[in-house]
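So you know, we letter chains A, B, ... as the sequences are listed, proteins then strands, and number each from 1.
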Amino acid sequence: MRTLKKTWPFHVMLLPAMIFLIIFSFIPMLGVVMAFQDYKPWLGITGSQWVGLDNFRYLFERDDSMQVIWNTLIIAILKMVFNLLVPFIFAILLNEIRKVGVQRTIQTLVYLPHFLSWVILGGILLDLLATDGFVNQILGSLGVKPIFFLGDNNWFRFTVILTDVWKEFGYNTIIFLAALAGINPSLYEAAEVDGATRWKQTLFITMPSLIPMAVVVGTLALGNVLNAGFDQIFNLYNPLVYQKGDIIDTFVYRTAILNGEMGFGTAIGLFKSAISMVLILVSYRLAKKWAGYRIF
Amino acid sequence: MYYKTRGYRIFNVFNTCFLILLALMCIVPLVHVLAVSFSAKSAADANLVGLWPKQFSLEAYKKTIDNPVFLHSIWVSVKRTVIGTALTLIITFLAAYPLSKENSVFKGRNVYSWLFVFSMVFNGGLIPFYIVIQKVGLMDSFWVLVLPGAVNTFLVILMLNFFRGIPKELEEASLIDGAGHFRTLFSIFLPISLPSIATIALFSMVFHWNSWFDGLLYMNNSKQFPLATFLQTVIIQRDMSSMSVNPKEMELISQTTVRAAQIFIGAAPILMVYPFLQKYFVKGMTLGSVKE
């Protein structure tokens, strides 16, 4: 009781946040029982019939859902790799620019796409990447046949990954730039005295200094292996590319919200949440072990 | 010195050109949209517009602003951004203070932080969430845009890390002088936290301005759509059924130039806000991501 007398302001301060967490986070978690039901909206959770693991069995038997899981993995993993690699290299190159004004200007410009939504960017890209769009006109002047970037199963994933890297590489660079700023300058001076060229300095000082950061970023990204980017895919895709471009989140939206297969949709969602949770916990543990990273 | 060698100077020229090119690639699409929005319909439809308007015209903007549904969606977005950001700021600020305390000072801290982390790593998925929204009566209500996203654990973490950087002596002095924790939080912490509050406000504003899916999912009446959702339906889905079936309006929305104008208006607030707040979010992001 004595501690409560001292700490009651803390509990009061946390109260609003807790109310929101309970309503919008914890109560929906209870709703996952729908994954084990043949949920009918008019019967509700209490009235719907229990079907055990049928929804999950169905998930693994359906060809389209397996394809969707596969698509999700491929897109997400490729995005992770390039969203790590490109900012890493970009940060090192940007760091070589000695004129502060130029460096700042470049930074300001590359951060920008991150802050625009996929609705805005999608609207722009739909026009730019159309068969008669700006990009194909440029390619056409180089003698390339028009490419249907967003309507061709062979090109869709490529386009999705490229545009995602384009949107995020500037923003993802920030963290590497911060790490670069933290490198002790005397290291470079010593190397200079020993006669190391700039390339050698980059190879033996800059890169090793950035690697711990890259490990943290890469490890934490592991938790996103089932997040291939709902906003982006939803705004860029169309029935022509469902085969190669449909991911778990868009699939849930179409099966559950549009087709009304609520139980099945919940099962996919639970499948995704459960695997993601395990991966996030593992990745946080690894990040803590390897780089001393902790969140709270 | 290495930067005086010939090889490095050549590299430097190429490097600078290459990076400037990359930077331009990040804004060229937007410049193109801007050019289209200021061009005449005929030039835009014939794909003649590059990075500069052809046959300059304000027609597209006039038509866009003439559309009451569009204007109302801007109003919904502004309202949501202001109220949503204010709510998020208050909740984040209040929650971060106790969570930034040592375990020995605040015994319950572990339980609370565990709850926050759990809500971050696990969720019920789209469908159970959708049903909760239905059951609490938020369908078709303005508040569905604001309330569910009010608590953002990442922002709480950002804020609490900032609080941890504040010298303990400040807080102790305040408590010794007889101020309670609330008073300390609002009179001592609030004024010195303004930079990180600005960061959180920026993230929250961008989130609310850009959110479109909740509008699409929970609003049955397109008259209540926020701007982002409105744009999603008319620009991405090119769905005229969400508009009135007036053929004149249909023709109006489907024009390339009008679409471009709408896209640009949708992006404008962010383009205006972000250069000024850049220094804050760069700090905020590195602060929230990795700790030494």
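- If you tally non-hydrogen atom pairs under 4.5 Å between each of A/Gly269, A/Gly123, A/Pro41 and chain B, the highest count goes to A/Gly123.
- Side chains of A/Phe10 and B/Lys107 form no contact here, defined as non-hydrogen atoms less than 4.5 Å apart.
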Note to self: Set out, in order, the CA-CA distance, both residues' side-chain angles and the distance that settles side chain to side chain contact (heavy atoms under 4.5 Å, CB included) for A/Met13 and B/Leu185, then state yes or no.
What the structure shows: CA-CA 10 Å; A/Met13 286 173 183; B/Leu185 180 59; 3.9 Å; yes
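- Of all the listed residues (A/Pro28, A/Gly182, A/Ala287), the one sharing the greatest number of non-hydrogen pairs under 4.5 Å with chain B is A/Pro28.
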Check: What do the steps show when you test A/Ser25 against B/Phe118 for side chain to side chain contact (heavy atoms under 4.5 Å, CB included), and what is the final call?
Finding: CA-CA 9 Å; A/Ser25 193; B/Phe118 193 65; over 6 Å; no
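- Under the 6.0 Å cut-off for aromatic ring centres, A/Tyr253 and B/Phe213 qualify, their centroids lying closer than that.
- Looking at B/Trp212 and A/Asn235, their side chains come closer than 4.5 Å, going by heavy atoms from C-beta outward.
- Looking at B/Leu216, only its side chain comes within 4.5 Å of chain A, counting heavy atoms on both sides.
- In terms of heavy-atom pairs under 4.5 angstrom with chain A, the leader among B/Pro98, B/Gly125, B/Ala260 is B/Pro98.
- Here A/Asp231 is the residue among A/Asp231, A/Ile268, A/Val252 with the most heavy-atom pairs under 4.5 Å with chain B.
- Note on A/Val102, A/Ile97, A/Leu116, A/Leu112: by heavy-atom pairs under 4.5 Å with chain B, the leading option is A/Leu112.
- In terms of non-hydrogen atom pairs under 4.5 Å with chain B, the most contact-rich of A/Trp199, A/Phe169, A/Phe230 is A/Phe230.
- For A/Gln103, no part lies near chain B; criterion is any non-hydrogen pair under 4.5 Å.
- No other option in B/Thr92, B/Ile20, B/Asn12, B/Leu147 has as many heavy-atom pairs under 4.5 Å with chain A as B/Leu147.
- The most heavy-atom pairs under 4.5 Å with chain B, out of A/Leu15, A/Thr105, A/Leu128, come from A/Leu128.
- To the nearest 0.5 Å, atoms OG1 (B/Thr88) and CZ (A/Phe20) are separated by 8.5 Å.
- With a 4.5 angstrom heavy-atom cutoff, B/Ile27 touches chain A only via side-chain atoms.
- Looking only at distances, a side-chain donor or acceptor of A/Trp166 sits under 3.5 Å from a matching main-chain atom of B/Met25.
- The shortest distance between side-chain heavy atoms of A/Glu96 and B/Tyr8 falls below 4.5 Å.
- In terms of heavy-atom pairs under 4.5 angstrom with chain A, the leader among B/Leu115, B/Leu30, B/Val105 is B/Leu115.
- Only the side chain of A/Met34 comes within less than 4.5 Å of a heavy atom of chain B; its backbone N, CA, C and O stay farther away.
- Heavy atoms of B/Tyr97 lying under 4.5 Å from chain A belong exclusively to its side chain.
- In this structure, CD1 on B/Ile91 lies 11.0 Å from CE on A/Met18, to the nearest 0.5 angstrom.
- In plain terms, the two heavy atoms of B/His181 and A/Pro9 that are nearest each other are CB-CB, 3.9 Å.
- Rounded to the nearest 0.5 Å, atoms OH (A/Tyr39) and CD1 (B/Ile127) are 10.0 Å apart.
- Among the candidates B/Asn123, B/Leu231, B/Val273, the residue making the largest number of heavy-atom pairs closer than 4.5 Å to chain A is B/Asn123.
- One distance of note links CH2 of A/Trp118 with CD of B/Gln232; it measures 13.5 Å at 0.5 Å rounding.
- Only the side chain of B/Tyr130 comes within contact range of chain A, with heavy atoms under 4.5 Å apart.
- Using a 4.5 Å heavy-atom threshold, the side chains of A/Lys99 and B/Thr16 count as separate.
- Contacts between A/Val32 and chain B at a heavy-atom distance below 4.5 Å involve backbone atoms as well as side-chain atoms.
- Below 30°, between 30° and 60°, or above 60°: for A/Trp8 and B/Phe182 the angle between ring planes is between 30° and 60°, a tilted geometry.
- Separation of atoms CG (A/Leu93) and CG (B/Leu22) is listed at 8.5 Å; rounding is to 0.5 Å.
- Rounding to the nearest 0.5 Å places CG of A/Leu126 at 8.5 Å from CZ of B/Arg259.
- Counting only heavy atoms from C-beta outward, the side chains of A/Leu14 and B/Leu99 approach each other to under 4.5 Å.
- The parts of B/Leu19 that come within reach of chain A are both its backbone and its side chain, each placing non-hydrogen atoms under 4.5 angstrom from that chain.
- Using a 4.5 Å heavy-atom cutoff, the side chains of B/Thr5 and A/Arg198 are not in contact.
- When heavy atoms are compared at a cutoff of 4.5 Å, B/Leu138 approaches chain A solely by way of its side chain, counted from C-beta outward.
- Only the side chain of B/Ala150 comes within contact range of chain A, judged by heavy atoms closer than 4.5 Å.
- The contact between B/Phe18 and chain A is made entirely by side chain atoms (from C-beta outward), counting heavy-atom distances below 4.5 Å.
- In this structure, B/Ser119 and A/Leu21 approach most closely via the heavy-atom pair OG-CD2, 3.6 Å.
- Heavy atoms of A/Asp249 lying under 4.5 Å from chain B are absent altogether.
- Between B/Phe203 and A/Tyr171, the ring planes are perpendicular. Angles over 60° get that label, and only those under 30° would be called parallel.
- Heavy-atom distances place the side chain of A/Ile280, and not its backbone, under 4.5 Å from chain B.
- Side-chain contact between A/Thr266 and B/Pro128 is present, with heavy atoms from C-beta onward closer than 4.5 Å.
- Heavy-atom distances place no part of B/Phe93 under 4.5 Å from chain A, backbone and side chain included.
- Using a 4.5 Å cut-off on side-chain heavy atoms (C-beta onward), B/Ile236 and A/Phe234 make no contact.
- Of the atoms belonging to B/Leu227, not a single heavy atom falls under 4.5 Å from chain A.
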